[in-house]
Amino acid sequence: MNQSPLSRVGAGQRRPLATAQEVADYLGVPLATVYVWSCRGGGPRLIKVGRHLRARWSDVEAWLDAQTIAAA
């Protein structure tokens with residue numbers, strides 16, 4: 001029986017990539033901001049898949065961790 005790669009995702013395996021809309025929703029920013037980040041830099045690392053932008057969830061989390069500021 002053939003299973004799709006997504007149906008076999010388990011511990012230590014890859015998760016589906018996040019869409020630009022999912023990244024925007026997760027970070028609470030407008031979708032346009034994600035597209036600006038892709039052109040000008042900034043934001044989490046984005047991957048161009050064909051004509052679509054995608055992100056690894058681990059890159060989104062790493063970027064968030066890097067944005068953390070210390071309490072004054």
Side-chain angles (χ1 to χ4, degrees):
M1 170 182 359
N2 285 339
Q3 291 181 330
S4 77
L6 297 181
S7 65
R8 295 187 304 242
V9 173
Q13 293 183 350
R14 294 179 185 227
R15 297 188 300 180
L17 297 173
T19 65
Q21 185 65 60
E22 289 172 329
V23 171
D25 292 344
Y26 184 71
L27 298 176
V29 299
L31 178 59
T33 300
V34 176
Y35 287 116
V36 168
W37 287 338
S38 73
C39 292
R40 297 185 187 166
R45 290 177 51 189
L46 298 169
I47 305 161
K48 189 143 188 204
V49 180
R51 63 183 186 143
H52 305 283
L53 288 178
R54 298 291 186 258
R56 290 183 185 94
W57 285 109
S58 59
D59 288 341
V60 174
E61 293 296 330
W63 179 79
L64 278 173
D65 290 342
Q67 302 312 303
T68 304
I69 56 173

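Residues take their numbers from the sequence shown, with the count starting at 1.
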Residues that, via side-chain heavy atoms closer than 4.5 angstrom, fall in one hydrophobic cluster with Ile47: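 Taking Ile, Leu, Val, Met, Phe, Trp and Tyr as members, Ile47 shares its hydrophobic cluster with Leu17, Val49.
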Hydrophobic cluster membership, Val36 vs Leu53, 4.5 Å side-chain cutoff: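 No, Val36 and Leu53 fall in different hydrophobic clusters.
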Residue pairs passing the side chain to side chain donor-acceptor pair (under 3.5 Å) test where at least one lies in residues 37-52, sequence neighbours excluded: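 Listed once each, the pairs would be none.
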Chi angles and distances behind the side-chain contact (heavy atoms from CB on, under 4.5 Å) call for Thr19, Arg54: CA-CA 5 Å; Thr19 65; Arg54 298 291 186 258; 3.8 Å; yes
Closest non-hydrogen atom pair, Val23 against Val34: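 Result for this residue pair: CG1-CG2, 4.2 Å.
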Which donor-acceptor pairs under 3.5 Å do side chains of residues 55-68 form with protein atoms, sequence neighbours excluded?
residue, atom, partner, partner atom, Å
Glu61, OE2, Tyr26, OH, 2.4
Trp63, NE1, Gly43, O, 3.3
Gln67, NE2, Trp63, O, 3.4
Thr68, OG1, Leu64, O, 3.4
Thr68, OG1, Asp65, O, 3.1

